[in-house]
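Beneath this line is the structure, given in structure tokens, with notes to follow.
Per chain, numbering begins at 1; letters A, B, ... match sequence-line order. Computation of the quantities below employed the complete heavy-atom set of this structure, encompassing side-chain atoms and omitting hydrogens, waters and symmetry-equivalent molecules.
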Amino acid sequence: METFLKNISYEIGDLSLFGLRFFEEIFRPSFEFKEFIRQCYVIGYKSLPLVSITSFIMGLVLTIQSRPAMSKFGAESWIPGMVSLSLIREIAPVITALICAGKIASGIGAELGSMKVTEQIDAMEVSAINPYRYLVVTRILAATLMVPILVIYADLIGLLGGYIGVNMHGDVNLVLYFSEVFESIKFLDIIPATIKTFFFGFFIGLIGCYKGFNASSGTESVGKAANSAVVSASLSIFIIDMIAVQLTDLLF
Amino acid sequence: MLIEKNIKQKKIETNYQQTIIEFKNVYKSFGKNDVLKGFNLSVKKGENVVILGKSGSGKSVAIKCLVGLIKVDKGEIYIFNTDITKLNIYELNKVRMNIGFLFQNGALYDSMTVKENLAFTLKHHSKNLNQNEIENAINEALEDVGLKEAIDKMPSELSGGMKKRIGLSRALIIQPEIILYDEPTSGLDTITSREIDELILKIQKKGKTTSVIITHDLACAKITGDRILIIRDGIIYAEGSFESLKNSDDNWVRSFFI
Ligand SMILES: Nc1ncnc2c1ncn2[C@@H]1O[C@H](COP(=O)(O)OP(=O)(O)OP(=O)(O)O)[C@@H](O)[C@H]1O
Ligand SMILES: [Mg+2]
């Protein structure tokens with residue numbers, strides 16, 4: 001137990017230093033713009049199909065599942081408002097972030113891990129190229145910006161799924177559905193939910209890069225890096241979410 | 001025949017004046033594993049030095065210390081008369097721009113084509129090169145290793161020997177004054193190995209470069225080395241020409257040449 005705690009606190013300290021370096025390097029000149037755009041494409045665009053499917057199903061299922069409870073009170077007309085609130089405030093950000101942790105953090109962890117193991121990162125360093133700036137800064141920044149966009153996209157697709165779900169039992173037209181939805185959502189619901197997604201994205205990128213960069217030698221460590229990147233990133237998403245919810249509760 | 005001639009020519013041209021690389025009493029351990037224990041080495045300008053030694057004796061560690069990839073525990077390492085163990089990262093990078101490093105397994109960037117691999121370093125070093133100059137440099141570097149046709153291939157499409165040669169051309173493209181070869185011929189057939197040896201000699205003459213060559217391949221050591229060092233227990237245990245070491249009184253040294 002003691003060594004476990006020791007390892008954890010060591011790792012958190014090391015991760016913090018690794019993350020602080022991001023803020024040091026990002027303001028230095030000669031930003032790797034091309035690599036950044038490439039990472040946005042890989043992290044953002046390539047995740048669209050997965051996010052589309054999962055968020056559509058989330059919206060649909062959530063609507064269907066809340067019908068029995070709501071109809072007990074004769075409150076079926078509240079379903080769009082309720083579903084959209086829980087989607088936007090909580091479910092879409094967290095589920096999308098978890099999906100991204102599975103796809104992006106593991107991808108980055110495996111990619112950088114294998115670069116580390118096959119000495120490609122060392123090769124960059126001896127060529128006087130800063131591997132942190134080229135590989136890490138670009139990936140963390142891309143993840144920080146792409147995850148919020150993916151979440152907003154997931155909100156929309158989720159609402160669309162909800163529309164289909166509502167229509168399975170009755171006939172609500174699209175305009176009426178969305179007017180009900182937007183009536184129930186306030187600006188204050190969207191802002192904190194969006195702010196936390198930047199943190200989700202940052203930590204997904206950071207943990208993926210950290211695990212990859214610290215892979216030890218040997219091919220099996222590539223798998224380990226990818227695996228522990230997913231586990232730690234998912235865990236960090238729940239922790240950030242808990243903190244974010246408490247803060248929002250206090251402030252608003 | 002050709003090889004013999006090359007050796008003779010080279011020995012005449014080499015000028016043994018200026019010391020380019022110098023290790024002074026370098027210590028390095030990983031936990032309880034003491035790898036370098038007071039390692040001393042000096043290499044003169046234009047010289048090809050070969051390092052022999054058993055697997056795990058610290059050869060790769062020594063040249064990684066030389067480029068600052070591994071931080072030494074104690075001791076000094078001079079390159080062009082500056083102690084690189086005391087430099088900050090920006091100063092160190094200036095020194096690194098003059099060093100080519102061939103990794104044991106090539107270490108090609110596998111997300112990039114051969115061409116992009118070669119252009120990568122070049123573009124980062126000198127931002128004001130135009131597209132034409134870059135293309136020319138790439139073509140020349142690939143021609144040197146005889147692999148012009150591989151220019152648009154991905155590293156995963158190359159054989160082990162090709163990877164090594166591309167790794168070599170990537171090290172050469174910046175026209176470094178110092179080249180460090182980590183087992184340039186390991187895992188290659190004899191014919192390709194001799195081609196690489198020829199290439200190492202050609203590079204030495206063409207660019208007047210200084211090289212450190214780590215190898216297990218005795219033929220490679222004999223052909224390319226002006227001086228041969230044998231590492232044992234973290235220090236240079238023996239040193240001399242190929243012939244003198246081969247006929248050494250020390251049984252352990254002689255055992256390398258059987
Ligand atoms: N990054 C590292 N962390 C911990 N130990 C290391 C590291 N690099 C090397 N070592 C240890 O240092 C010793 C020397 O390794 P090195 O790679 O220099 O051997 P070598 O002489 O190059 O062998 P080979 O001929 O097999 O390449 C080995 O015992 C190795 O386990
Ligand atoms: Mg080695």
Is it the case that more than 12 heavy atoms not belonging to B/F30 sit under 6.0 Å from its CZ atom? yes
Report the option among B/G167, B/A107, B/P176 that has the most heavy-atom pairs separated by less than 4.5 Å from atoms of chain A. B/A107
Ranked by heavy-atom pairs below 4.5 Å to chain A, first place among B/V67, B/I89, B/I99, B/L69 goes to B/L69
So what's closer than 4.5 Å to chain A heavy atoms on B/L108: side chain, backbone, both or neither? backbone
Tell me which donor-acceptor pairs, judged by distance alone and kept under 3.5 Å, run between chain B and chain A, one pair per line.
unit_1: B/K64; atom_1: NZ; unit_2: A/E119; atom_2: OE2; d: 2.7
unit_1: B/Y90; atom_1: OH; unit_2: A/R28; atom_2: NH1; d: 3.1
unit_1: B/R96; atom_1: NH1; unit_2: A/E125; atom_2: O; d: 3.2
unit_1: B/Y109; atom_1: OH; unit_2: A/M124; atom_2: N; d: 3.4
unit_1: B/D110; atom_1: N; unit_2: A/Q120; atom_2: OE1; d: 3.1
unit_1: B/D110; atom_1: OD1; unit_2: A/Q120; atom_2: NE2; d: 3.4
unit_1: B/D110; atom_1: OD2; unit_2: A/Q120; atom_2: NE2; d: 2.7
unit_1: B/H124; atom_1: NE2; unit_2: A/E32; atom_2: OE1; d: 3.4
unit_1: B/H124; atom_1: NE2; unit_2: A/E32; atom_2: OE2; d: 2.9
unit_1: B/H125; atom_1: NE2; unit_2: A/S127; atom_2: O; d: 2.6

For A/F199, does the CZ atom sit with more than 12 other heavy atoms under 6.0 Å from it, leaving out its own atoms? no
